[in-house]
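Have a look at the structure below before the remarks.
Along the sequence shown, the residues carry numbers beginning at 1. Values below: every heavy atom of this structure, side chains too, minus hydrogens, waters and symmetry copies. What you see is a predicted model; the values in this text were computed from it and never measured.
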Amino acid sequence: MFDALTIATAVAALALAAWCGYAFAKDQSTKDWHFIGMAVVSLLALAQLVIGIVQLARGESPEQGTVIFVAYLVGAALCVPLAGFMSLTERSKWGSMTVLAGGVVLAVLEVRLYDIWGG
């Protein structure tokens, strides 16, 4: 696995979570700039999905199994976009909390992906 991308994705996800946590504390819903942040984090997770699939296609294999690795990759790629969609349906401070939770979940998934690959 590409360790630098895994770390960058986890750090970006935690930064997004902190940013949305600040919005939650200020009693604000998600704004356009939060969605730009979600797009950046989602692009990092999508790049990781592509790189992970390419590595699998080249014959490399994760330590704990290919199926679980791909499942975590897909889950990581969908985590923040789904949280962003849910925040659109909840246009209160709780929408910000939803994105905060999505960012924390993505960071945890990144740690688990690193572990599954054999880090």
Side-chain angles (χ1 to χ4, degrees):
M1 196 65 192
F2 191 52
D3 293 342
L5 182 59
T6 303
I7 292 168
T9 305
V11 168
L14 289 175
L16 177 67
W19 190 17
C20 289
Y22 179 74
F24 175 78
K26 300 283 268 176
D27 202 24
Q28 298 175 351
S29 65
T30 50
K31 306 289 185 214
D32 289 344
W33 53 82
H34 292 115
F35 287 98
I36 293 169
M38 285 183 255
V40 170
V41 172
S42 296
L43 285 175
L44 288 170
L46 186 62
Q48 187 178 37
L49 173 69
V50 170
I51 289 171
I53 290 173
V54 167
Q55 285 182 322
L56 291 173
R58 286 193 298 180
E60 299 177 40
S61 63
E63 213 172 74
Q64 296 183 17
T66 303
V67 173
I68 193 165
F69 179 71
V70 171
Y72 270 87
L73 278 175
V74 171
L78 292 176
C79 184
V80 171
L82 290 176
F85 177 74
M86 288 173 41
S87 78
L88 283 173
T89 63
E90 181 58 55
R91 298 306 295 167
S92 68
K93 71 177 188 174
W94 294 103
S96 296
M97 181 56 80
T98 302
V99 178
L100 180 152
V104 171
V105 167
L106 178 57
V108 171
L109 289 173
E110 292 300 316
V111 172
R112 184 69 178 118
L113 276 167
Y114 179 78
D115 186 48
I116 290 170
W117 188 260

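Nearest heavy atom pair, residue S42 against residue V80, reads OG-CG1, 3.7 Å. Contact record, A107 with A10: CB-O, 4.1 Å, taken as the closest heavy-atom pair. Of all the heavy atoms in A77 and L49, the pair that sits closest is CB-CD2, 4.2 Å. A13 and G103 make their closest contact through CB-O, 3.4 Å (heavy atoms, listed as atom of the first residue, atom of the second, distance). Residues C20 and L100 approach most closely at CB-N, 4.0 Å, considering heavy atoms. Minimum interatomic distance between A47 and L5 (heavy atoms only, all atoms of both residues): C-CD2, 3.9 Å.
Screening residues 86-112 for ring-ring contact (aromatic ring centres under 6.0 Å, His included) gives F24-W94 as the qualifying pairs, with residues at least two apart or on separate chains.
Hydrophobic cluster membership differs between V54 and L56, with clusters built from Ile, Leu, Val, Met, Phe, Trp and Tyr side chains linked at under 4.5 angstrom. In this structure, V50 is not a member of the same hydrophobic cluster as L106, with clusters built from ILVMFWY side-chain heavy atoms closer than 4.5 Å. Under a hydrophobic-cluster definition in which Ile, Leu, Val, Met, Phe, Trp and Tyr are linked whenever side-chain heavy atoms come within less than 4.5 Å, directly or via other members, L46 and V105 are assigned to the same cluster. Residue L16 is not grouped with residue I36 when hydrophobic side chains (ILVMFWY) are merged at heavy-atom distances under 4.5 angstrom, including chains of intermediate members. Both V70 and L82 belong to a common hydrophobic cluster when Ile, Leu, Val, Met, Phe, Trp and Tyr are linked at side-chain heavy-atom distances under 4.5 angstrom.
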Apply side-chain contact (heavy atoms from CB on, under 4.5 Å) to residues W117 and T6 and explain how you reach the verdict. CA-CA 11 Å; W117 188 260; T6 303; over 6 Å; no
Apply side-chain contact (heavy atoms from CB on, under 4.5 Å) to the pair H34 and W19, showing each step before the final yes or no. CA-CA 8 Å; H34 292 115; W19 190 17; 3.8 Å; yes
Between I68 and R112, does a side-chain contact (heavy atoms from CB on, under 4.5 Å) hold up when you go through it step by step? CA-CA 10 Å; I68 193 165; R112 184 69 178 118; 4.2 Å; yes
Between L88 and F35, does the side-chain contact (heavy atoms from CB on, under 4.5 Å) criterion hold? Intermediate values first, please. CA-CA 10 Å; L88 283 173; F35 287 98; 3.5 Å; yes
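Residues P62 and L113 form no side-chain contact, since every pair of their non-hydrogen atoms from C-beta on lies 4.5 Å or further apart.
Atom CE of M38 is separated from atom SG of C79 by 11.5 Å, given to the nearest 0.5 angstrom. Note that the CD atom of Q55 and the CD atom of Q48 stand 9.5 Å from one another [nearest 0.5 Å].
The backbone N or O of G84 lies less than 3.5 Å from a partner atom in the side chain of S87, making a donor-acceptor pair.
No option in V41, V104, T30 other than T30 meets the side-chain contact (heavy atoms from CB on, under 4.5 Å) test with V99.
For R91, there are no salt bridge (charged side-chain N to carboxylate O under 4.0 Å, His left out) partners, not counting sequence neighbours.
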